[in-house]
Amino acid sequence: MSSGLDLLSPEGLRIDGRRANELRRVNCKTGILVQADGSAYIEQGNTKCIATVYGPREPSHKNLQYHDRASINVEYSIATFSTSERKQRSKMDRRFIEIANIVKQTFETAVITSLYPRSQIDIYLQILQIDGGALHTSINAATLALIDAGIPMKEYVCACSAGCVEDTPILDLNYFEENNFTPTLTVAVMPNSGKISTLVSESRLHLDKFEPVFNLAVSGCKQLHSVFDDVIRKSTTELANRVMEKQKE
Amino acid sequence: MDKRRINGPEISVKPIEKKSTQPKNNKDDGIRKNNRSVDNIRPIFIKPNVIKKANGSAYYEAENIKIICGVYGPRSSKRSMVSDEGTIYCEFKFAPFSCNKRCGYIRNAQEREYSLIIQQAFLPAIRLNLYPKSSIDIYVTVLENDGTTACLAAAITCISIALTDAGIQMYDLVAAASATCIKGNICLDPDASEENDTNSKFMLSYMPSLKQVTHVLCTGKMEAEQSIEAIGICIDACNSIKTVMDHCLINSH
Amino acid sequence: MALISPSEKDFITKGIEADMRNDGRSRIAYRDFTIETGIVSQASGSCRLRLSKTDVLIGVKVEIGDIISNTTSDNNNEQEQDIVNNQNESDKGRIVCSVECSPSASRDFEGKGANDINNELSQIMNRVLNGPQGGIDLKSLCIIPGAQCWIIYVDVLVLDYDGNLLDTIFLATRAALQNTRIPKTEIQDIGNGQLEFDISDDIEDAEKIKGWEDVPVTVSLNKIGQKYIVDATAMEELCTDTKIIIAVNRNGEICAMQKSLYGSLNPSLLTEMIRTAKDIGKVLIKNLDTTLEHEQVMASRANNKKFGFFI
């Protein structure tokens, strides 16, 4: 297929000038919104996502209550101006509900829900701009927002996507690469224990090529983990300093 | 998609009408069409108690505007949560044959907005604290539309009579008047042709005995002083509409 | 459902009667706002405005569409049909606005809770902007009369809420429309009276929207007790019994007026509110324009270093 040549040049450079195993530039910040218990904003390349967390709080529906743990409710939506062609999509779009369910299942394993029986934790994801990798960016944003909200989790959940172009695994696909029949794999791992939270693949990938692609994705997740850890430690130190200043007054 | 009815083809086109060469019968110095004066309101006819099944109802007619309204309540409904005050629920709908262009059966965004406006116009007037946990349901259908703002004002007037007919306690009747700005003059009760020509539309609903404005809606460019003048003129119109409403209520019993 | 205790409500009401609000402002003082334009790269124009904590992001996209005249009946796009019902001419483009309140702004906006307020805000915007009162020259958006025109889609995303949503939206819309560029089109006559048009790809060639300076802003006046305030916070909005929204353009003309909530007003108070709104509106527009100019100057000096959304 001619797309192979376009995506990976003979020198090993991709369309945006990255090497095959290079992540896009990551920028993130927590505590950006006032009303929410926890919020985070993350930029991976040109994909921008805001995650807001409310909770634990009283469940909105009685039937969403579990007697021994908290229930997690996720809502996912894409801004109308996020893609190059304006498309108004309702919140009840099946694709969005599917992505919301994937995120929900990811965090049900990571968040220590047994601490808050009969309550609900809400995670709202809003995508402001899409350039491929909406799912893994949302998972990363949700992790940061949950930490910002102070909800106890076993570990960070870091997600990354990887694909395969003519036997070369590539990391962190952008929009053009995702849509060009490239087999894509999105993986969410908990870095310290190495456990896999989520594994999503909707395309054909040969079993022989699966392992290198998977390993590349996991290494991408570990890189992201160190970035996120830095950001969280910095913002927490700032917060601690401010509390100590207040106490001195 | 409306699956409850057998709908016609999705896309249909209105036939192109030949423009009739009607001789202009306006006076040259007249500001409005049909020789109406600036503060002329079309003569109103209101009759209460026209729908037997409803708790209260009214029929309103003013030249080419025909509106019918039914009020049900106070009654319990799933919508009214447990609260110590009643709620008003209003459904405003243009009948599909009422406007120049066929409207669908399902309420569009404009009709939903008008329903909200009517609800807000009546919230100060009805004694809701006497009807806890109940809902007062108002259903308005416009049978013939001759000026959308005028229809909205007429609907509010018609609903006041229907609410009285239903025996619902109110602080005061609510009268409403509409106006537009033609060639710098504020003209009351515009009809459809006048509305299409100008851009400014003004609607005001007022409680005449309590002297309180319950709703004001204005679109189109106007100077601040002009809008203040329009408010004054509409209030006078509401006072005269009130006499018609009183007359109708007294004569109906 | 946001709730307020009766004592808090009483405290706020009495404070306002004495011209003292919780944050120290006077009754007609506005909060400071921060603004940044041109941040969404895929939109033709964009703006993010923060009025204290109320946060709004607007993306404007221009697309080519058919001119829907009054003779076609197409129930598929009800929102556009409503706009067209108020327009008779076949040589005007149109503006389509849609507001989406994200659940991150308030718990009430979860699931279907935001539908009512989205619809109400979208309707107000559509009514104000479509027409000569909206300022924008709709005739300049026409490409081929009777056939094709530019449609301006204004999409509003509400990210955070601390009162006074509509004013924030209109201020940001005005800034976003100032920032929007429409590509240039060339019309060619290919004979038989048929016209075709070409869109120029050159970014430098794109034009500003004609008439953006006349786009109005809204001033929301909340009546609490017997006095009224401007730019209410979320707590103050919970104490309001009547709210009047007045759209004012830079010449001090009233472009729209609407009352909401459950109270009623004295006509004299209404008259006073209109006069106050006119003055405040003009000052707001002047401040906004000065800030936008300042931003242009800073952008050209800093070689387009964008601060991005939140970082």
Side-chain angles (χ1 to χ4, degrees), chain B residues 2 7 10-17 81 88 99-104 106 108-113 116-117 119-125 128 148 171 174 195-196 199-202 204-207 210-228 231-232 235, chain C residues 1 70-76 78-79 81-88 116 119-120 122-124 126-128 130-135 214 216 241-242 244 246-249 251-272 274-275 277-279 281:
Chain B
D2 187 8
N7 281 319
E10 279 207 12
I11 302 180
S12 54
V13 173
K14 201 172 146 189
I16 304 172
E17 290 164 351
M81 300 174 292
I88 302 179
C99 310
N100 212 2
K101 233 173 120 214
R102 181 184 180 275
C103 324
I106 304 183
N108 61 20
Q110 191 194 39
E111 287 160 347
R112 272 181 272 142
E113 204 203 0
L116 193 63
I117 288 175
Q119 184 195 22
Q120 287 172 349
F122 280 96
L123 277 166
L128 289 171
T148 323
Y171 290 111
V174 181
E195 229 183 59
N196 286 341
N199 218 288
S200 53
K201 296 174 193 141
F202 191 91
L204 182 111
S205 74
Y206 179 72
M207 291 195 284
L210 291 179
K211 298 197 172 40
Q212 295 268 308
V213 170
T214 65
H215 199 90
V216 63
L217 180 65
C218 162
T219 43
K221 239 197 289 206
M222 272 192 198
E223 293 290 328
E225 294 305 316
Q226 257 190 338
S227 52
I228 294 171
I231 293 174
I235 289 179
Chain C
M1 267 292 290
N70 254 346
T71 54
T72 58
S73 154
D74 178 1
N75 285 326
N76 285 344
E78 60 152 60
Q79 198 184 30
Q81 204 59 9
D82 284 341
I83 297 171
V84 168
N85 278 335
N86 301 329
Q87 259 178 240
N88 279 343
D116 278 337
N119 190 35
E120 191 187 340
S122 312
Q123 281 292 91
I124 295 177
N126 278 328
R127 244 187 323 167
V128 173
N130 269 302
Q133 73 273 7
D214 289 322
D241 62 51
T242 314
I244 305 264
I246 301 185
V248 181
N249 68 11
N251 301 327
E253 293 165 319
I254 311 277
C255 300
M257 179 166 32
Q258 184 169 347
K259 172 244 175 200
S260 59
L261 294 181
Y262 59 88
S264 61
L265 296 170
N266 251 326
S268 52
L269 189 62
L270 180 59
T271 315
E272 199 188 317
I274 295 177
R275 293 204 173 100
K278 181 177 92 158
D279 298 328

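Chain A is the first sequence line, chain B the second, and so forth, proteins listed ahead of strands; every chain is numbered from 1. All of these numbers come straight from a predicted model, not from anything done at the bench.
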If you draw a 6.0 Å radius around CG in N100(B), do more than 12 non-hydrogen atoms from other residues or ligands fall strictly inside? no

Check the surroundings of atom CG in D116(C): do more than 12 heavy atoms from other residues, nucleotides or ligands lie under 6.0 Å from it? no

[atom2] on [Y] to [atom1] on [X], rounded to 0.5 Å:
X	Y	atom1	atom2	answer
T219(B)	I124(C)	OG1	CD1	12.0 Å
I117(B)	Q123(C)	CD1	CD	9.0 Å
E253(C)	S200(B)	CD	OG	11.5 Å
M222(B)	I274(C)	CE	CD1	9.5 Å
F202(B)	I254(C)	CZ	CD1	10.0 Å
E223(B)	K278(C)	CD	NZ	7.0 Å

Of the backbone (N, CA, C, O) and the side chain (C-beta and beyond), which part of [X] lies under 4.5 Å from a heavy atom of chain B, both, or neither?
X	result
N249(C)	side chain
I246(C)	neither
L265(C)	both

Sort out for me which of [options] touches chain C most, counting heavy-atom pairs under 4.5 Å.
options	value
E195(B), Q119(B), E225(B)	E225(B)
T214(B), L128(B), I235(B)	T214(B)
V213(B), I231(B), L116(B), I88(B)	V213(B)

Query raised in the report: R275(C) versus I228(B): any side-chain heavy-atom pair under 4.5 Å?
Result: yes

>> Less than 4.5 Å apart, side chain to side chain, heavy atoms only: is that true for E113(B) and Q258(C)?
In response: yes

Residue pair [X] / [Y]: nearest heavy atoms and the distance that separates them:
X	Y	answer
P124(B)	G263(C)	CG-O, 3.2 Å
P132(C)	K221(B)	O-CE, 3.8 Å
Q120(B)	K259(C)	O-NZ, 3.0 Å

Applying a strict 4.5 Å limit to non-hydrogen atoms, the region of Y206(B) in contact with chain C is side chain

Review point. If you measure from the Lys or Arg side-chain nitrogens to the Asp or Glu carboxylate oxygens, is any gap between E120(C) and R112(B) under 4.0 Å?
Key: no

